[in-house]
Number of protein chains: 2
Amino acid sequence: MADGKAGGTKGGQALLFLTDEQLRKGIEAMFFAYRGFTADPDRILEKYGYGRAHHRAIHFISRAPGTNVNNLLGILGVTKQSLNRVLRALIEDGLVESRVGVQDKRERHLYLSESGKALEAELSEAQRARMRVAYREAGHEAVAGFRRVLEAMMDPDQAAYFNAMATKEDKG
Amino acid sequence: MADGKAGGTKGGQALLFLTDEQLRKGIEAMFFAYRGFTADPDRILEKYGYGRAHHRAIHFISRAPGTNVNNLLGILGVTKQSLNRVLRALIEDGLVESRVGVQDKRERHLYLSESGKALEAELSEAQRARMRVAYREAGHEAVAGFRRVLEAMMDPDQAAYFNAMATKEDKG
DNA sequence: ACTTTAAGTCAGTGTTGTTGACATTCCAAG
DNA sequence: CTTGGAATGTCAACAACACTGACTTAAAGT
């Protein structure tokens, strides 16, 4: 494994010759790209005194309105205490509403208020704008490849959440 | 922009119809994939009492041995003070050597020691292993697309650093 | 009644980022 | 040669956000 070569060991698939250098380039690309990916929302969040944790909460509440805290915990992969701090701030500021469950009164169902939706839209549009440019520059087939590699890179549990959130509009 | 449609406005390139939903899926894929991407190194780092910041420093020192602090600062995009804390720990633990510059005695040139190289190899191999699996699952063309999209997603400055680190081995 | 589950809270700790103040070194203008 | 500014790097203090662990409250399940 220290000889710098990997892959191409005649599996059923097409051969893939991957040098350590090529893999390393992919790793660095992830690092730099993720920074670009979060840069625009970070600037917006700063205006409101929020951080990435708040963004993530807002994003997934927007994505699955009425979700409960436990579910959000699973998606975000953080501790209860950590999420709670963020959620408390968002609720106090009136961006998120927490409603007691009807069937199960222990649960709290989370929704974005109007102002919450407004911030979500602002953050989301900034991030989509960058994504759109990147997709356009890279082209149609590149996008499909991009998605395939990312999905293969996820942990199985996370991939399950990811695919569970697929909608009818999204095929491939 | 609130109508959920974007792209396909007959530019010179092939048409790209991108719904907000598709873009959002890409955003979420980045989020989940990055978590998988960092999961393995995180586990290793924990054993040694280090964090991601240490990993990044080790990675780029390994990549460009003899680099000075200022250069590293530009690559990592953090403040001098933040990097310094990390560097100090690595130097105290004997993983990194800091040598006073010959031409300019203000500069400190950074190198990995033998134990530093060993940790770098451990971290790097874990991350490459995941990358390798993802690349294999996704296939050859997907990898090219993956790289193209990531590069387009970077900030221009970061993309410059990224491309500057390209080696003769890496074409495309 | 007893246990489990969902949510929230309090206290303490660690990593990582920030700003501010400071030391050293280089270089160029006077 | 000296002096002042710019560049390089260091030290100290603080804020954000993650973590663990222990605990409370309320509701559901058995």
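By convention in this document, chain letters (A, B, ...) are assigned in the order of the sequence lines, proteins followed by strands, and residues within each chain are numbered from 1.
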Could you walk me through whether B:E120 and A:R24 pass the salt bridge (charged side-chain N to carboxylate O under 4.0 Å, His left out) check?
-> CA-CA 12 Å; B:E120 195 281 331; A:R24 196 184 278 258; 3.5 Å; yes
Heavy-atom donor-acceptor pair, B:R85 side-chain to C:dG17 base, under 3.5 Å | yes
Examine the base of C:dT5 for any acceptor or donor lying under 3.5 Å from a partner atom in the side chain of A:R106, and report the outcome as yes or no.
->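 Counting by modelled atom types and ignoring angles, a donor-acceptor contact under 3.5 Å is found here.
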Is B:E46 paired with B:R43 through a side-chain N to carboxylate O contact shorter than 4.0 Å?
->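 No, this pair does not count.
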Is the distance from OP1 or OP2 of C:dG17 to the nearest side-chain N or O of B:R56 less than 4.0 Å?
->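 Affirmative; the distance criterion is met.
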Within the 6.0 Å centroid threshold, strictly below: B:Y161 and A:F31 =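 Centroid distance B:Y161-A:F31: not below 6.0 Å, so no.
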Start at the 5' end of DNA chain D and walk down; is the nucleotide closest to A:H54 or to A:Q103 reached first?
-> A:H54
Taking for each residue the nucleotide of DNA chain D bearing the nearest heavy atom, is the 5' side occupied by A:K80 or by A:G49?
->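 Closest to the 5' end, via its nearest nucleotide, is A:G49.
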Give a yes or no on this: more than 12 heavy atoms of other residues, nucleotides or ligands lie within 6.0 Å of atom CD of B:E141.
-> no
Whole angstrom value for the distance that separates [atom2] of [N] from [atom1] of [X]:
| X | N | atom1 | atom2 | answer |
| --- | --- | --- | --- | --- |
| B:K105 | D:dT10 | NZ | P | 17 Å |
| A:N84 | D:dC19 | CG | C1' | 15 Å |
| B:L73 | D:dT10 | CG | P | 11 Å |
| B:H55 | C:dT16 | NE2 | P | 12 Å |
| A:L110 | C:dG8 | CG | P | 7 Å |
| B:R52 | C:dG14 | CZ | C1' | 15 Å |
| B:E92 | D:dT10 | CD | C1' | 12 Å |

The side chain of A:Q81 lies closest to which of these nucleotides: D:dA22, C:dT18, D:dA18?
->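 Shortest atom-to-atom distance from the side chain points to D:dA22.
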